[in-house]
Every structure is written in structure tokens, then in C-alpha cells.
Amino acid sequence: MPAASSGLQPAAARLLDALLKQSTGVQAARNELRWMQEALKQSPATVSGSTDIESMLHRRVTGEPLQYILGTQPFGPLNLLTRPPVLIPRPETEDWTIRLSERLRSFGKAPISLLDLCTGSGCIPILLCHLLPGGSLHATGVDLSQAAVQLARDNSEVCNVTIPPEGPVLPEQCGDWTCNTFLPLLGNIRDPAFVAACGLRPPYDVITSNPPYITKDDYDKLSPSVKDWEDPRALIGDPEGEATHEDARGLTFYHTIADLLATASRGLLKADGLVALEVGEGQANAVAEILEQKAHMKDIEIWKDPWDKERVVVGKN
Ligand SMILES: C[S@@+](CC[C@H](N)C(=O)[O-])C[C@H]1O[C@@H](n2cnc3c(N)ncnc32)[C@H](O)[C@@H]1O
């Protein structure tokens, strides 16, 4: 790209040349520059920490993910806020969340109660709240990270999704709500007391989760733009220093979720409820087996992502 002709100051033009050398091509670098310029023009308040293009290019050249520099990431028709170290919502997750919204439209009952485990930015329940008819969905999300819970709250606000002020919406209160709701809560799903500690009100109609699922070996091979910026707790599937299942392979959180589903006293899911879990490459069959064997889930389906990878395991109670 002829940096000189792009109308940039010399320092910014040098940074753009550096970005061009690092990026996947002229068009990619050109797009990134345009998105940064547009973000500065449209909503300087969300461009976290930068008020000029030179500073944004400098951040990018030193490896910061573009989405943290722009401060937002499209997710379906929404524009979600992004802030380090909370995981940037991925297109794979966007794709299956839209597909799930279509399934929930014909779920046969409303309003639907939904629990999103490991909610992060809140992307899954917030998009579902946006896509489903008002008053048909009351979602709760749980995450271990205070930064994630705050971002999920902020995302609810910018996406006009109501946070119920009095805590979880109870079945007898559903008729009072004409809008969909989402309540993000701080909690550790691996704490055996987490249901009570979070004040959850099971059973739910639907449980969703995109839990951490990367093996430690694969995590070590990730690019610095992921490892240096996104919370390792959002990525590593077998948390270090915690009890993990012996065949872990990134699957510890699926065992945790299946245990939660299986334990009657903590039964999270209604008798005819639905579970949808995002999985990593090559994990779908193992996760389907965990759900069948531990949680006695039926009618297991495996959904592929737009790149033909097995991406979601869906089961019924
Ligand atoms: C892969 S990210 C998914 C975030 C979001 N649902 C999405 O799809 O972008 C996993 C999330 O799980 C959270 N997490 C990790 N361990 C957890 C635990 N023990 N209890 C609750 N949340 C946890 C992380 O903080 C992170 O936000």
C-alpha cells in the first residue's frame, strides 16, 4: 500500500508500513486502517485509550488485537464492547447462537429460562435476547471473572437488553415482563456450592456454554496476540492447580457441566430441557459421550460451523 498517498502523518505512515509487513496482505492492512479511522470518527469514547490514528497503529503493530483497539466487535446484528482481558467473541460462536435462536423460536413454550455458563462478554445470551420476541427469554449468565461480568453488564446496556434489578426473574414473575432480560453474575461453576452462592433459581429450560476448551499444549502454541491479551482462564480447558478429569484433553469443563446436570440435588435443567455446548476441534464426539454417559442426555446432535468443523454439541434431558 503506498503509505504516503494515504494522507497520514509521517510517523503514522511508518507504522502503517510496519503493519503491512506483519499483516496477511495489502487489503487486510487497508481494511484495518479504515476501521480504525471509522472508529475514531464514529465513537471516540469506545476506542479505549486512543484518540489518534498514530496511537492506534502503534498498538496494532505491537500486537494488540484489533478488536481491543476498536473497542467493539460485530456479533450478529449487534456491536459488542470488547475490553482486555475478556475473551473477544468469535464468529463460530456468533453462527451457532443465531442457529440456536431459530431452534428456540419453535421451542414450544415461552418464556424460556436460560443459564449461560462461562458467559464472558455476555455475547450468547445478549444476542439471543436481541433475536427472540420480547418477553420470551429470561437469561442468567455466570462467570468467574469480575472484568467479564462488568463487560457483560455494559454490553447489556449498549444493546438495550434489560438487567432485572431484583435478581433472577422467577417463573411467577415472568408475566410482568414484556421485554427479554439478562442477568450477569459472578460465580465459579467449579465450586460445588455455586448454584446457591449465585442465588440461581433452577431448573432452566436451556443451558448454553462456550467454556474454556484449549489443551495446555495448544495454548502454549497460540500467537502472542492471543496469549498476551486474552485471559488464560478463558482459554485453558484444564485449569492448572485444580482437580482435572484424568482424560482431560481440554475437557475438564464439560465434565463439570455434565456433573452439574447429573446431580439431582443441583439439577439445573428441566425434564425436557436443552443443552448447547461449544467445543474445540476434534472434541465433539468426546463431549457427546460425556453428556450421554454422565448426564444421560438424549437426542445428541453435533452442529458444524461455517468452516465445516464440528463446533456445538446439543442434547436433550
Ligand atoms: C471461552 S470464554 C467464553 C466467553 C463467552 N461465552 C464467549 O463465547 O465469547 C470462557 C469464559 O469462562 C470463564 N470461566 C473460566 N473458568 C470459569 C469458572 N470456573 N466458572 C465460571 N466461569 C469461568 C472465563 O472467565 C471466560 O469468560
Side-chain angles (χ1 to χ4, degrees), residues 65 67-68 72-76 78 80-101 114-129 139-156 159 182 184-195 197-198 200 206-216 218-219 222 226-227 229-245 248 250-257 259-260 266 268 275-281 283 287 305 311-312:
Q67 294 89 339
Y68 287 149
T72 59
Q73 162 73 14
F75 198 71
L78 302 173
L80 295 178
L81 302 174
T82 47
R83 279 199 300 260
V86 183
L87 192 98
I88 298 163
R90 304 297 204 260
E92 297 90 318
T93 312
E94 174 189 50
D95 177 73
W96 72 257
T97 304
I98 292 170
R99 184 166 171 185
L100 180 65
S101 76
L114 180 144
L115 178 64
D116 183 46
L117 300 171
C118 303
T119 202
S121 61
C123 56
I124 298 167
I126 290 173
L127 182 54
L128 291 173
C129 281
T140 302
V142 177
D143 203 285
L144 175 82
S145 147
Q146 179 65 60
V149 173
Q150 186 56 52
L151 187 61
R153 294 189 78 89
D154 294 346
N155 270 323
S156 300
C159 297
F182 171 47
L185 296 171
L186 189 65
N188 178 357
I189 71 160
R190 288 176 46 74
D191 169 4
F194 106 92
V195 172
C198 290
L200 300 183
V206 181
I207 292 183
T208 52
S209 186
N210 173 17
Y213 54 63
I214 297 177
T215 63
K216 183 65 174 58
D218 285 346
Y219 176 80
L222 288 174
V226 176
K227 272 199 294 187
W229 291 93
E230 293 182 294
D231 190 343
R233 294 177 303 173
L235 296 161
I236 299 173
D238 306 311
E240 269 176 317
E242 290 183 33
T244 52
H245 194 269
L251 301 174
T252 292
F253 281 88
Y254 302 102
H255 285 286
T256 303
I257 293 169
D259 287 339
L260 284 167
R266 285 181 278 148
L268 281 188
V275 171
L277 306 179
E278 181 169 324
V279 298
E281 211 174 323
Q283 291 176 330
V287 171
D305 68 19
R311 187 56 66 192
V312 190

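Quick note: numbers below take in every heavy atom, side chains included, and nothing from hydrogens, waters or symmetry partners. Start at 1 and go down the list; that is how both ligands and their atoms are numbered. Everything numeric here is computed off the predicted structure, so don't read it as measured data.
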Legend entry - E94 (side chain) donor-acceptor with G76 (main chain) under 3.5 angstrom: yes

Legend entry - Under 4.0 Å to a heavy atom of F253 - the qualifying atoms of ligand 1, by number: 16 (N), 17 (C), 18 (C), 19 (N)

Legend entry - Heavy-atom side-chain proximity of P184 to D143 below 4.5 angstrom: no

Inset, instruction - Could you name the option among L186, D191, V149, D143 that has the heavy atom nearest to atom 13 (C) of ligand 1? - result: D143

Legend entry - Residue selection (non-hydrogen contact nearest atom 10 (C) of ligand 1) among L87, I88, N210, T256: N210

Inset, instruction - Please tell me if the side chains of F194 and I189 come closer than 4.5 Å, counting only heavy atoms from C-beta onward. - result: yes

Inset, instruction - Heavy-atom contacts with G187 under 4.0 Å: which atoms of ligand 1 show up? List them by number with element. - result: 20 (N), 21 (C)

Inset, instruction - Show which atoms of ligand 1 fall inside a sub-4.0 Å distance from at least one heavy-atom site of S145. - result: 25 (O)

Legend entry - For N188, atoms of ligand 1 separated by under 4.0 Å from a heavy atom: 18 (C), 19 (N), 20 (N)

Inset, instruction - Return a yes/no value for T119: is any of its N or O atoms, backbone included, closer than 3.5 angstrom to an N or O of ligand 1? - result: yes

Legend entry - Contacts of type side-chain hydrogen bond (donor to acceptor under 3.5 Å, both in side chains), residue T215, not counting sequence neighbours: D218

Inset, instruction - Could you pull out, from C123, P125, P89, the option with a heavy atom nearest to atom 7 (C) of ligand 1? - result: C123

Legend entry - Enumerated ligand 1 atoms positioned under 4.0 Å from heavy atoms of T93: 8 (O)

Inset, instruction - Please determine if I189 has a nitrogen or oxygen closer than 3.5 Å to a nitrogen or oxygen of ligand 1. - result: yes

Legend entry - Validation row: T208, W96 side chains within 4.5 angstrom (heavy atoms): yes

Inset, instruction - Evaluate the ring planes of W229 and Y68, with Trp represented by its six-membered ring, and classify them as parallel (under 30°), tilted (30 to 60°) or perpendicular (over 60°). - result: tilted

Inset, instruction - Flag the pair D95 and R311 as a salt bridge only when some basic side-chain nitrogen lies within less than 4.0 angstrom of an acidic carboxylate oxygen. - result: no

